[in-house]
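Okay, structure first, notes after.
Chain letters run A, B, ... following the sequence lines, proteins first and then strands; every chain starts at 1.
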Number of protein chains: 2
Amino acid sequence: MRTLLTLQSQLCPDLLSVMHKRYTVLRRIYYLQPVGRRSLTSSLQMTERILRSEVDFLREQGLVNIAQAGMTLTEQGLEVLQKLQPFIEEYLGYSQLSEELKERLNIQEVWIVPGDSEHDEWAKKELARAGAQLIKSWVQEDQVVAVAGGSTMQAVAESMSPTPIFKRTTFVPARGGVGDAVEHEANYIASRMAKNSGGRYRMLHVPDQISEEAYQLLTQETQISDVLHMIQEASVLVYSIGDAKTMAGRRKYGREFMQLLEEKQAVGESFGYYFDRNGTIVHRTKTAGLRLRDLPKVGRKIAVAGGASKAEAIAAICSVFPQDTLVTDEAAARKILSQNYPL
Amino acid sequence: MRTLLTLQSQLCPDLLSVMHKRYTVLRRIYYLQPVGRRSLTSSLQMTERILRSEVDFLREQGLVNIAQAGMTLTEQGLEVLQKLQPFIEEYLGYSQLSEELKERLNIQEVWIVPGDSEHDEWAKKELARAGAQLIKSWVQEDQVVAVAGGSTMQAVAESMSPTPIFKRTTFVPARGGVGDAVEHEANYIASRMAKNSGGRYRMLHVPDQISEEAYQLLTQETQISDVLHMIQEASVLVYSIGDAKTMAGRRKYGREFMQLLEEKQAVGESFGYYFDRNGTIVHRTKTAGLRLRDLPKVGRKIAVAGGASKAEAIAAICSVFPQDTLVTDEAAARKILSQNYPL
DNA sequence: ATAATAGGGACATAATAAGTCCCTTGGAGG
DNA sequence: CCTCCAAGGGACTTATTATGTCCCTATTAT
């Protein structure tokens with residue numbers, strides 16, 4: 001069933017919102033029947049005229065009965081109401097979830113996609129698609145978008161599609177390479193995003209783990225300092241959140257490093273910063289790029305992360321710095337809400 | 001799955017057609033890609049402007065890629081196309097079916113609802129709902145609607161909903177009682193239709209099987225002759241089709257009558273006329289009301305009948321007199337098309 | 001009786017869809 | 001190398017639809 005709803009949300013998103021609106025009207029009539037137009041409008045917070053058009057339509061379809069005493073559901077209307085309920089709940093369970101998450105994590109905006117992106121490839125694509133759409137809706141001309149690395153970010157990059165605005169958008173890596181596989185490196189992802197969206201990109205080639213002297217020298221190169229400046233002026237930051245266990249398996253760092261993370265109880269990582277469940281930074285990768293203190297200047301910070309195993313890390317990063325937008329999946333959302341992570 | 005589509009077809013039918021339209025565009029692009037706007041318009045028989053709006057939307061959703069060389073599907077677009085296919089086929093399989101039926105039976109208009117109304121209560125309601133909607137869309141002010149009897153007609157009556165036009169509509173039975181249960185009698189059904197639609201009704205109380213003398217006397221009563229005149233001036237006739245087997249079980253006629261029907265190979269009945277598979281009338285109930293020779297004067301004749309077992313009867317009645325509208329279900333439609341009933 | 005609430009009609013206006021025409025660009029073919 | 005065709009895209013007008021606004025009449029409970 002989910003499939004149809006998901007497909008429709010791509011092919012005709014209005015369909016679902018209209019369906020939802022009419023369903024809401026139906027349900028409200030059912031609860032209050034017989035009810036007049038005026039009380040319905042105030043109850044539904046619609047303008048009277050709009051409500052009236054909807055009601056006229058519903059009557060035309062034979063779903064509501066409209067008489068002197070007020071409106072009532074017909075037998076058919078009741079049937080539709082009842083049979084539609086599970087679908088609607090599925091459709092808007094997420095918006096309810098997202099409301100709860102917003103409050104719980106103190107985030108301005110939360111998008112939730114169905115499923116578990118950790119185990120379901122389709123769900124991961126949905127997550128990425130949502131992220132890509134969000135970027136598209138937020139970017140304006142001549143802005144810089146800083147992107148982090150990781151497999152989720154890669155999926156986002158592949159979901160980008162061209163729009164005229166992107167022609168004047170520059171994608172930059174939030175930080176230099178962090179020792180991942182090439183296709184997960186921020187540099188690569190910035191380039192893919194630009195490729196798929198029709199935008200420009202700049203790379204930041206600063207090796208990890210170099211001496212302080214070498215670093216200072218490098219950052220004086222105009223090629224590099226230019227990009228560094230762009231990064232610090234980024235209007236949008238898009239990043240994902242790694243969880244401790246996956247990090248442990250993937251990073252090429254040595255055993256001591258893993259022990260350090262374990263000792264300090266790191267639960268997650270984002271663009272090179274490792275944090276514990278209280279949101280305390282326990283380690284930072286030594287590489288050039290966006291620093292924590294640059295974040296307040298970034299206009300929009302979009303976190304894209306899903307899967308139940310990342311729940312703790314997602315919850316924790318909200319304490320690291322104030323989030324404004326989170327794109328996640330149902331699995332992570334429910335896990336976060338079901339557990340009492342510290343604020 | 002069917003449920004969601006069915007519900008949506010009630011709650012937001014126009015949006016489903018939008019979905020269909022976009023799907024068609026997607027599919028055509030897939031076949032012809034890379035394809036230009038002009039060739040698409042001629043191929044899809046849309047105006048250029050409309051096609052353009054749709055394509056813009058699809059690009060916005062990241063489903064099509066739009067480049068100098070023409071339009072192509074994105075990976076996502078292909079995915080949506082493929083996953084949506086079964087749903088679309090389900091949604092419009094019926095319109096294809098109805099095209100075939102129109103040609104096969106030489107009917108102007110055919111409506112098909114999902115399922116088998118013989119075994120599925122929900123399907124029967126759908127059938128009735130479609131019938132009721134059709135009546136609603138055809139009736140104009142101050143017209144007379146003649147209705148026949150039967151359980152299907154009863155369901156149609158219960159699916160009627162009020163509309164201003166019905167206030168000036170009169171429902172009359174097509175013929176007098178035919179010895180069925182009260183709730184299946186044409187008289188009762190006319191009254192229920194009027195009740196549920198907000199219209200007026202007149203009854204025709206002429207007993208079956210009375211002597212010729214008594215009949216002549218009765219039809220001179222103004223009460224009765226008035227109604228008879230109304231019937232003969234009916235603008236819309238709504239009737240169902242009974243199949244031989246059900247008739248055998250339900251009628252209260254004696255064994256001789258059943259033998260007669262069997263002898264003459266009757267396959268169906270409509271408003272008192274029994275016919276064989278060639279469309280020859282083999283018996284007519286002796287009761288007052290609409291006669292076959294009145295039919296050409298009736299503006300619109302709507303037959304509502306479903307269920308596989310009625311397939312033969314439905315096919316046969318098209319030879320009895322020219323049909324213009326048939327409302328049936330998937331089961332009957334497929335059965336009719338799968339068999340070679342005589343023309 | 002009367003006040004409150006019901007639905008419904010009518011019309012202006014805002015928003016959006018659709019029709020129409022023309023432009024620039026890139027590539028295939030002469 | 002040039003020409004021409006078909007590609008997408010911009011810009012404007014017109015038609016259609018949705019919405020806002022205001023007011024009317026009928027019913028019903030007090």
Side-chain angles (χ1 to χ4, degrees), chain A residues 12-15 17-19 21-22 25-26 28-74 77 141 161-168 197-198, chain B residues 12-15 17-19 21-22 25-26 28-74 77 141 161-168 197-198:
Chain A
C12 36
D14 332 351
L15 183 144
S17 59
V18 169
M19 182 178 80
K21 181 165 69 174
R22 290 184 182 156
V25 174
L26 270 189
R28 195 54 61 95
I29 292 176
Y30 175 65
Y31 285 141
L32 303 179
Q33 65 184 336
V35 62
R37 207 201 300 145
R38 313 289 147 74
S39 20
L40 258 189
T41 50
S42 61
S43 162
L44 286 166
Q45 290 184 315
M46 285 179 170
T47 71
E48 182 179 327
R49 197 57 184 79
I50 291 182
L51 193 263
R52 195 164 158 188
S53 307
E54 293 303 334
V55 164
D56 282 351
F57 173 84
L58 292 173
R59 190 206 48 175
E60 194 67 23
Q61 291 293 108
L63 301 178
V64 311
N65 218 317
I66 188 161
Q68 201 69 263
M71 306 174 244
T72 48
L73 284 197
T74 64
E141 279 197 349
S161 51
T163 208
I165 290 170
F166 281 145
K167 283 181 183 164
R168 308 191 57 170
S197 67
Chain B
C12 36
D14 34 345
L15 295 195
S17 63
V18 167
M19 179 180 82
K21 182 166 68 176
R22 289 183 183 156
V25 174
L26 269 189
R28 195 55 59 95
I29 292 176
Y30 175 65
Y31 286 142
L32 304 178
Q33 65 184 337
V35 62
R37 207 201 299 146
R38 311 289 147 76
S39 21
L40 257 190
T41 51
S42 61
S43 162
L44 286 166
Q45 291 184 316
M46 284 178 171
T47 71
E48 184 180 327
R49 195 60 186 76
I50 291 182
L51 192 265
R52 196 164 157 188
S53 308
E54 294 303 334
V55 164
D56 283 352
F57 173 85
L58 292 173
R59 189 207 48 176
E60 193 66 24
Q61 290 293 108
L63 301 178
V64 311
N65 218 318
I66 188 159
Q68 202 70 265
M71 306 174 243
T72 48
L73 284 198
T74 64
E141 279 197 350
S161 52
T163 207
I165 290 170
F166 281 145
K167 285 181 183 166
R168 307 190 57 170
S197 67

Kindly indicate whether the side chain of Arg52(B) and the base of dG10(D) share any N or O donor-acceptor pair separated by less than 3.5 Å? yes

Would you call Leu15(B) and Met19(A) a side-chain contact if the rule is heavy atoms closer than 4.5 Å? no

Could you check whether Arg37(B) and Thr41(B), counting side-chain N and O atoms only, form a donor-acceptor pair closer than 3.5 Å? no

Side-chain-base donor-acceptor pair under 3.5 Å for Arg38(B) and dG8(D): yes

Nearest whole Å is fine: how far is dT13(C) P from Ile50(A) CD1? 19 Å

Would you mind telling me which residue lines up with the more 5' stretch of DNA chain C, Val35(A) or Arg49(B), judged by nearest nucleotide? Val35(A)

Would you mind reading off the distance between Arg59(B) atom CZ and dG10(D) atom C1', rounded to a whole angstrom? 13 Å

To the nearest Å, how far apart are Asp56(B) CG and dA7(D) P? 16 Å

Arg22(B) and Leu26(B): CA distance, side-chain angles, deciding distance, side chain to side chain contact (heavy atoms under 4.5 Å, CB included) verdict: CA-CA 6 Å; Arg22(B) 289 183 183 156; Leu26(B) 269 189; 5.9 Å; no

Any idea which of dG19(C), dG7(C), dT19(D) is nearest the Thr47(B) side chain? dG19(C)

Derivation of the side chain to side chain donor-acceptor pair (under 3.5 Å) call for Ser42(B) and Arg38(B): CA-CA 7 Å; Ser42(B) 61; Arg38(B) 311 289 147 76; over 6 Å; no

Return the value, rounded to whole Å, for the distance between atom CD of Glu48(B) and atom P of dT13(D). 19 Å

Residue Ser53(B), side-chain atoms from C-beta onward, closest of dG8(D), dT19(D), dA18(C): dA18(C)

I need the CG-P distance between Leu40(A) and dT5(C), as an integer number of Å. 14 Å

Would you mind reading off the distance between Leu32(A) atom CG and dG7(C) atom P, rounded to a whole angstrom? 12 Å

How close or far is atom P of dT16(C) from atom CZ of Phe57(B), stated in whole angstroms? 15 Å

Can you tell me if CZ on Phe57(B) sees more than 12 non-hydrogen neighbours from other groups inside 6.0 Å? yes

Taking the side chain of Met71(A) as heavy atoms from C-beta outward, which of dG7(C), dG9(D), dT19(D) is closest to it? dG7(C)

Which part of the nucleic acid does Val55(B) contact within heavy-atom distance under 4.0 Å: base, sugar-phosphate only, or nothing? nothing

Please report, rounded to the nearest Å, how far the P atom of dC23(C) is from the CZ atom of Arg37(B). 15 Å

